[in-house]
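What you see below is based on every heavy atom in this structure, not just the backbone, and it leaves out hydrogens, waters and symmetry mates. Along the sequence shown, the residues carry numbers beginning at 1. Keep in mind the model is a prediction, meaning the values are calculated, not measured.
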Amino acid sequence: MRFFNFIFLLFCFILLIPSIAKAQDLLTVQNVFFKSSQDNTAVVFVQIQGEPKFSYFRLDDGRIVLDIENSKIVKKGVIIPTSNSNIISEIHFAQNTPDMVRVVVGSDVKASYNISKIDGGILISVGSSKPLLSLANGITNEAPKLLPYNYIPEKSQLANSQNSQTNNNLYPPIKNAKIIVIDPGHGGSDPGCVANGVEEKVATLGVALHLKPILEKMGFKVIMTRETDKDVWGKPYNMPGYDANESELQARVNIANENGAALFVSIHFNACADPSIHGTQVYYYSPQSYKFASTMIKDISKVNPVYTDRPIRRPFWVIKYTTMPAILIETDFITNPAVASQVYNSDYQEKIAQAIAQGIYDSYKEIYQ
């Protein structure tokens, strides 16, 4: 009997050898560096120990996505450029799956780019279709100024949802109102934009926690994709048929679609290399969502400047695959110091929540009554 037990344990060990070897063979992404020039070009250098295999693609909003196969990262983080260059807005890098590191570079959608393997890692050049080797020269001499990728806010920084006040005379409760799904963008391991000591995931949740009781007083049943600082989709790393990022976004879509929501609102905050930029933008995708987006801009403009005074059509995942009228609100730019100083403030969150609630209330009546 002992002999068979020994054979069984030996067999199990043999099966584990490939996994152990794979873990040991992972390349190490050591650091990420950024450098820009006055001619509106910039480079991102991903420093890697080993010979990397990688793939890349570009999203419709201009973001450049680099996936490094069979790799692990020493420290995930975010870089928000503080130079005068506006060609790159932000750089995020983290472990996307157990054996793949992902680097996402927010860039001007019209800017050309190049991704090349060079000595010591991978060079992302933005503003040129050829590798900007001269600009990258000496890039590793200065340590990058990383912002924390993960951040757990103090409870005092989150909105107290009990403080929300609604004038019921202005908004008489809607009888038999349908479900509204509110999606506070990012959360958990994904901080979203980070600037001026503010994390997007904290600010979006604060506004959403104010918004929920306002809508409930208007007669709506409200479902939130998250009510705490967490990933909407947890382990395993991806849902069947989706990669890790898609799983997180599709989970939010599923909440709206499976609950038969009447309207879907995804709340975000924006970032830009120019710290003077300020104001709200509202995005939509399907024609049925255009009126909803237009009404929301009109109502938010009563309490906050708008950066774009009409809806912008973009194929963002959460508004592309939801089946009801759906919009994504970029509330304001946290890269603007004046904005950043307010977004954790309960009064500011209440003001924005009231405006979004009015946009939902007005849109619901236009669409369904």
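Pro325 and Tyr368 make their closest contact through CD-OH, 3.9 Å (heavy atoms, listed as atom of the first residue, atom of the second, distance). Across every non-hydrogen atom of Ile87 and Ala42, the tightest pair is CG2-CB, 3.8 Å. Nearest heavy atom pair, residue Ser276 against residue Asp274, reads OG-OD1, 2.8 Å. Across all non-hydrogen atoms, the minimal contact from Ala256 to Phe264 is CB-CD1, 3.6 Å. The minimum heavy-atom distance between Met324 and Ser289, with the atom names listed, is O-OG, 4.2 Å. Smallest separation of non-hydrogen atoms from Phe33 and Ile139: CD2-O, 3.5 Å.
Under the 3.5 Å distance criterion, the side-chain polar atoms of Glu248 are left unmatched by any main-chain donor or acceptor of His186. In this structure, the side chain of Lys320 does not engage the main chain of Tyr284 through any donor-acceptor pair within 3.5 Å. Using modelled atom types, no side-chain atom of Ser363 and backbone atom of Ile360 make a donor-acceptor pair closer than 3.5 Å. Gln95 contributes a side-chain N or O that, together with a main-chain N or O of Thr97, makes up a donor-acceptor pair within less than 3.5 Å. Looking at Glu200, its side chain never comes within 3.5 Å of a backbone N or O of Gly192 through a donor-acceptor pair. Looking at Asn336, its side chain does come within 3.5 Å of a backbone N or O of Ala338 through a donor-acceptor pair. Of the possible polar contacts, one joining the Thr280 side chain to the Thr331 backbone as a donor-acceptor pair under 3.5 Å is found. Of the possible polar contacts, none joining the Asn259 side chain to the Ala261 backbone as a donor-acceptor pair under 3.5 Å is found. When atom types are taken as modelled, the side chain of Asp183 and the backbone of Ser266 share no donor-acceptor pair closer than 3.5 angstrom. A distance-only check finds a donor-acceptor pair linking the side chain of Ser125 to the backbone of Leu132 [under 3.5 Å].
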Next on the checklist: For Val181 and Leu263: C-alpha separation, side-chain torsions, deciding distance, then whether side-chain contact (heavy atoms from CB on, under 4.5 Å) applies.
Outcome noted: CA-CA 6 Å; Val181 169; Leu263 299 173; over 6 Å; no
Item to check | side-chain contact (heavy atoms from CB on, under 4.5 Å) evaluation trace for Val44 with Ile88 | outcome: CA-CA 10 Å; Val44 176; Ile88 289 182; 4.0 Å; yes
Next on the checklist: Using the rule given for side chain to side chain donor-acceptor pair (under 3.5 Å), can you reason through Arg226 versus Thr204, listing the C-alpha separation, both sets of side-chain angles and the distance that settles it, and then say yes or no?
Outcome noted: CA-CA 11 Å; Arg226 66 181 182 96; Thr204 61; 3.2 Å; yes
Item to check | Ile300/Ile356 under side-chain contact (heavy atoms from CB on, under 4.5 Å): CA gap, chis, key distance, verdict | outcome: CA-CA 6 Å; Ile300 290 180; Ile356 294 174; 4.1 Å; yes
Next on the checklist: Would Phe93 and Val104 count as a side-chain contact (heavy atoms from CB on, under 4.5 Å) here? Give the steps.
Outcome noted: CA-CA 6 Å; Phe93 41 96; Val104 180; over 6 Å; no
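Under the 4.5 Å side-chain heavy-atom criterion for grouping Ile, Leu, Val, Met, Phe, Trp and Tyr, Ile312 is not connected to Leu59 through any hydrophobic cluster. Cluster membership for Met218 and Ile367, using ILVMFWY side-chain heavy atoms within less than 4.5 angstrom, is shared. Ile64 and Met100 sit in two unconnected hydrophobic clusters of ILVMFWY residues. Membership requires side-chain heavy atoms under 4.5 Å apart, directly or through other members. If you chain together hydrophobic residues whose side chains sit under 4.5 Å apart, Ile319 and Ile223 fall into the same group. Val306 and Ile334 fall within the same hydrophobic cluster, defined by Ile, Leu, Val, Met, Phe, Trp and Tyr side-chain heavy atoms under 4.5 Å apart, directly or through other members.
In this view, Lys351 satisfies the salt bridge (charged side-chain N to carboxylate O under 4.0 Å, His left out) rule with no residue, not counting sequence neighbours. Partners of Tyr56 by side-chain contact (heavy atoms from CB on, under 4.5 Å), not counting sequence neighbours, listed by chain and number: Phe54, Leu66, Tyr113, Ile115. The side-chain hydrogen bond (donor to acceptor under 3.5 Å, both in side chains) test applied to Lys302 returns Asp299, not counting sequence neighbours. The side-chain hydrogen bond (donor to acceptor under 3.5 Å, both in side chains) check on Thr308 picks up Gln281, with sequence neighbours excluded. Residues meeting the salt bridge (charged side-chain N to carboxylate O under 4.0 Å, His left out) test with Glu330, sequence neighbours left out: none.
Between the side chains of Asn304 and Asp332, at least one donor-acceptor pair of N or O atoms lies under 3.5 Å. Between Ser129 and Asn114, the side chains place no donor N or O within less than 3.5 Å of an acceptor N or O (distance only, hydrogens not considered). Counted by atom type alone, Asn345 and Gln349 present zero donor-acceptor pairs between their side chains at under 3.5 Å. No side-chain donor-acceptor contact under 3.5 Å links Arg313 and Ser286. Under the 3.5 Å distance criterion, with hydrogens and angles disregarded, no donor-acceptor pair is assigned to the side chains of Gln354 and Gln358. In this model, no donor atom of one side chain and acceptor atom of the other lie less than 3.5 Å apart for Asp362 and Thr295.
We find that Lys201 and Asp190 are not joined by a salt bridge, their nearest charged nitrogen and carboxylate oxygen being 4.0 Å or further apart.
A 4.5 Å side-chain heavy-atom check between Met296 and Ile329 finds at least one atom pair inside the cut-off. Taking 4.5 Å as the limit, some side-chain heavy atom of Ile68 sits within range of a side-chain heavy atom of Val46. In this structure, the side chains of Glu350 and Ile214 come closer than 4.5 Å at one or more pairs of heavy atoms. Side-chain atoms of Ile182 and Ile180, non-hydrogen and from C-beta on, do get closer than 4.5 Å to each other. For the pair His268 and Pro184, the minimum side-chain heavy-atom distance is 4.5 Å or more.
Less than 6.0 angstrom separates the ring centroid of Tyr364 from the ring centroid of Phe220.
Residues in residues 299-337 take part in these ring pair (Phe, Tyr, Trp, His ring centres under 6.0 Å) pairs, two or more places apart or across chains: Tyr283-Phe316, Tyr307-Phe333, Trp317-Tyr321.
Atom NZ of Lys117 has more than 12 neighbouring heavy atoms from other residues, nucleotides or ligands inside a 6.0 Å radius. More than 12 non-hydrogen atoms from other residues, nucleotides or ligands lie less than 6.0 angstrom from CZ of Arg58. Remark: Gln38 CD is loosely packed, at most 12 non-hydrogen atoms of other residues, nucleotides or ligands lying under 6.0 Å away.
Residue Phe45 forms a side chain to side chain contact (heavy atoms under 4.5 Å, CB included) with just one option from Asn31, Ile122, Ile118, Val32, and that option is Ile118.
Atom CG of residue Leu26 and atom NZ of residue Lys72 lie 6.0 Å apart, to the nearest 0.5 angstrom. With rounding to the nearest 0.5 angstrom, the OG1 atom of Thr225 is 5.5 Å from the CD1 atom of Ile255. Taken to the nearest 0.5 Å, the CD atom of Glu69 stands 7.0 Å off from the NZ atom of Lys53. Of the inter-residue distances, the one linking Ser301 atom OG with Asp309 atom CG reads 9.5 Å to the nearest 0.5 angstrom. Interatomic distance, Ile179 CD1 to Leu215 CG, rounded to the nearest 0.5 Å: 13.0 Å.
Taking the centre and axis of the six-membered ring of Tyr285, the NZ or CZ atom of Arg314 falls outside the cone set by 45° and 6.0 Å.
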